[in-house]
**Student:** 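Here it is, the structure in full.
Treat the numbers as computed from the prediction; the structure is a model and nothing was measured.
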Amino acid sequence: MLRLISIIAAIAAVGVAGGGAAQDYPTRTVSLIVPFAAGGPTDTLARNLAQHMTKTLKQQVIVENRAGAGGTLAANVVAKSKPDGYQILIAHIGMSTAPALYRKLPFNPLTDFEYIGQVADVPMTLIARTGLPPDNYKDFVTYVKANKDKLNMGNAGLGAASHLCGLLFMSRIEANIQTIPYQGTGPAMAALMGNQVDLMCDQTTNTTGAIQAGRVKVFGVTTRKRVPSLQFIPTLHEQGLKDFEVAVWHGLYVAKGTPKPVLDKLNATLLAAIKDPQFRESLAKLGADAVTPDRATPESLVKHLKAEIEKWGPIIKKAGVYAD
Ligand code: ASP
């Protein structure tokens, strides 16, 4: 009987300590894990957000770059991490394309995480090195088709948004171009400006500065509407690539089993960021759109993730691309 009482007391003590720890979260540095190299668009968005989260959580939020396998390496790290809220994943549209692209995906986007909410939508731009001869979209397509065997296109690896956008573009103009994977589009952009890469599709968060400085050529944006801060760039859709659309959305994830008080705190932290005019403005300058509060919720993220998995699965299967 005494033994039973002490076992019950021990279980109760663990329960209180566990609950208390979750209530006190965070008591130490939190990592925001970026699945791509530093200097790229996901990294830029994460650094803006981490700064804001640090203020709200009153604990340092540091950005950790865990690049590899088109973003799936970092997602797997977080899926297998301790469910305590100290490792947060910021992942983009790749979370919904990976199940179709990877034959052996080591995690399940729909069952291995807790969901915090969506963060921002970011359009992409189709860009080229400045030395590429064409100066408008029509000539560009003609040039690419005529030189498809000589050209290459940089991206952030299989499953990255840049990869997806490139594939869709190539299939639409029926020109298969060699692709060169990097650990992120930060390094890929450096290669493009260094003339080692001819073309790339990348988020405005990475390309805006280079476009405005004339360090790359731009041939269109990938969203259906023009981007408010880059009004001078026509959409690919309006230039003849009818219905072409790649809008990169981002969400925050933690490991399955993370306690509810931690999830609530992280969600409140995300909401505080997206409601802050300064945060919204810092993204808007880079062509990115912080989501509206109704989308910065776990329910909205799961719903969108499911819909996107259903949308992209058949498109990727039809394109016949996959990774082992
Ligand atoms: N956003 C890039 C992509 O998916 C990767 C990066 O952030 O570096 O192509």
**Student:** Quick one: side-chain hydrogen bond (donor to acceptor under 3.5 Å, both in side chains) partners of Lys242, sequence neighbours excluded?
**Tutor:** none
**Student:** Considering residues at least two apart in sequence or located in another chain, which fulfil the side-chain hydrogen bond (donor to acceptor under 3.5 Å, both in side chains) criterion with Ser31?
**Tutor:**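 So Ser31 forms a side-chain hydrogen bond (donor to acceptor under 3.5 Å, both in side chains) with Glu64.
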**Student:** Kindly compute the distance separating CG (Leu199) from CG (Asn155), expressed to the nearest 0.5 Å.
**Tutor:**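 If I round to the nearest 0.5 Å, the distance is 11.5 Å.
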**Student:** Restricting to pairs with a member in residues 54-91, which pass ring-ring contact (aromatic ring centres under 6.0 Å, His included), not counting sequence neighbours?
**Tutor:** Tyr25-Tyr86
**Student:** Taking disulfide bond (SG atoms under 2.5 Å apart) as the cut-off, I'd like each qualifying pair that reaches into residues 137-191, sequence neighbours left out, listed once.
**Tutor:**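 For residues 137-191: Cys165-Cys201.
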**Student:** For Met95 and Tyr253, run side chain to side chain contact (heavy atoms under 4.5 Å, CB included): C-alpha distance rounded to whole Å, both residues' side-chain angles, the deciding distance at 0.1 Å, then the answer.
**Tutor:** CA-CA 10 Å; Met95 205 62 160; Tyr253 307 76; 3.6 Å; yes
**Student:** Once ring-ring contact (aromatic ring centres under 6.0 Å, His included) is applied, what residue pairs with a partner in residues 296-316 remain, sequence neighbours excluded?
**Tutor:** Trp249-His304
**Student:** Is the closest side-chain heavy-atom distance between Val254 and Gln87 below 4.5 Å?
**Tutor:**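 No, side chains not in contact.
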**Student:** Roughly how far, to the nearest 0.5 Å, is the CG atom of Leu283 from the CG atom of Asp121?
**Tutor:** 10.5 Å
**Student:** Counting only heavy atoms not in Arg280 (residues, nucleotides, ligands), do more than 12 fall under 6.0 Å from its CZ?
**Tutor:**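 Yes - once you tally the heavy atoms of other residues, nucleotides and ligands closer than 6.0 Å, there are more than 12.
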**Student:** Name each donor-acceptor pair under 3.5 Å that joins a side chain in residues 32-54 to protein atoms two or more places apart or in another chain, with its distance.
**Tutor:**
residue: Asp43; atom: OD1; partner: Arg47; partner atom: NE; Å: 3.0
residue: Asp43; atom: OD1; partner: Arg47; partner atom: NH2; Å: 3.1
residue: Asp43; atom: OD1; partner: Asn65; partner atom: ND2; Å: 3.0
residue: Asp43; atom: OD2; partner: Gly39; partner atom: N; Å: 2.9
residue: Asp43; atom: OD2; partner: Arg47; partner atom: NE; Å: 2.9
residue: Thr44; atom: OG1; partner: Gly40; partner atom: O; Å: 2.8
residue: Arg47; atom: NH2; partner: Asn65; partner atom: OD1; Å: 3.2
residue: Asn48; atom: OD1; partner: Ser282; partner atom: OG; Å: 3.3
residue: Asn48; atom: ND2; partner: Thr44; partner atom: O; Å: 3.1
residue: His52; atom: NE2; partner: Asp276; partner atom: OD2; Å: 2.7
residue: Thr54; atom: OG1; partner: Ala50; partner atom: O; Å: 2.8
residue: Thr54; atom: OG1; partner: Val61; partner atom: N; Å: 3.0

**Student:** Please collect all ring-ring contact (aromatic ring centres under 6.0 Å, His included) contacts where either partner lies in residues 200-225, sequence neighbours excluded, each pair once.
**Tutor:**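 Matches after skipping sequence neighbours: Phe140-Phe219.
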**Student:** Tell me every residue that passes ring-ring contact (aromatic ring centres under 6.0 Å, His included) with Tyr137, counting only those two or more places apart in sequence or in another chain.
**Tutor:**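 Tyr137 satisfies ring-ring contact (aromatic ring centres under 6.0 Å, His included) with no other residue.
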**Student:** Counting only pairs under 3.5 Å, give me each side-chain donor-acceptor contact of residues 175-193, with atom names and distances, residues two or more places apart or in other chains.
**Tutor:**
residue: Thr185; atom: OG1; partner: Asp202; partner atom: OD1; Å: 3.0
residue: Thr185; atom: OG1; partner: Asp202; partner atom: OD2; Å: 3.0

**Student:** Take Asp264 and Asn267, measure what side chain to side chain donor-acceptor pair (under 3.5 Å) needs, and give me the verdict at the end.
**Tutor:** CA-CA 5 Å; Asp264 289 347; Asn267 179 253; over 6 Å; no
**Student:** Please, which pairs that meet disulfide bond (SG atoms under 2.5 Å apart) have at least one residue in residues 58-106, sequence neighbours excluded?
**Tutor:**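 Listed by first then second residue: nothing to list.
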**Student:** Looking at Lys80 and Asp112, is there a salt bridge between them, counting it only when a charged N and a carboxylate O are closer than 4.0 Å?
**Tutor:**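 Judged by the 4.0 Å cut-off on N to carboxylate O distance, Asp112 and Lys80 do not form a salt bridge.
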**Student:** Quick one: which residue pairs count as a disulfide bond (SG atoms under 2.5 Å apart) with a foot in residues 61-90, not counting sequence neighbours?
**Tutor:** none
**Student:** Salt-bridged, Asp289 to Arg295, with N to O below 4.0 Å?
**Tutor:**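 Here Asp289 does not pair with Arg295 in a salt bridge, since their nearest N and O are not under 4.0 Å apart.
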**Student:** Is any side-chain N of the basic residue among Arg226 and Glu238 closer than 4.0 Å to the acidic one's carboxylate O?
**Tutor:** yes
**Student:** Please enumerate all residues that pass side-chain hydrogen bond (donor to acceptor under 3.5 Å, both in side chains) together with Thr125, with sequence neighbours excluded.
**Tutor:**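 So Thr125 forms a side-chain hydrogen bond (donor to acceptor under 3.5 Å, both in side chains) with Thr207.
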**Student:** Starting at CD1 of Ile316, measure out to OH of Tyr102 and round the result to the nearest 0.5 Å.
**Tutor:** 10.5 Å
**Student:** Can Asp198 and Arg129 be counted as an ion pair, charged N to O under 4.0 angstrom?
**Tutor:** yes
**Student:** So with a 6.0 Å cut-off around NZ of Lys311, is the heavy-atom count from everything else above 12?
**Tutor:**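 Correct, the count exceeds 12.
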**Student:** Side chains of Thr258 and Glu114: any donor to acceptor distance under 3.5 Å?
**Tutor:** no
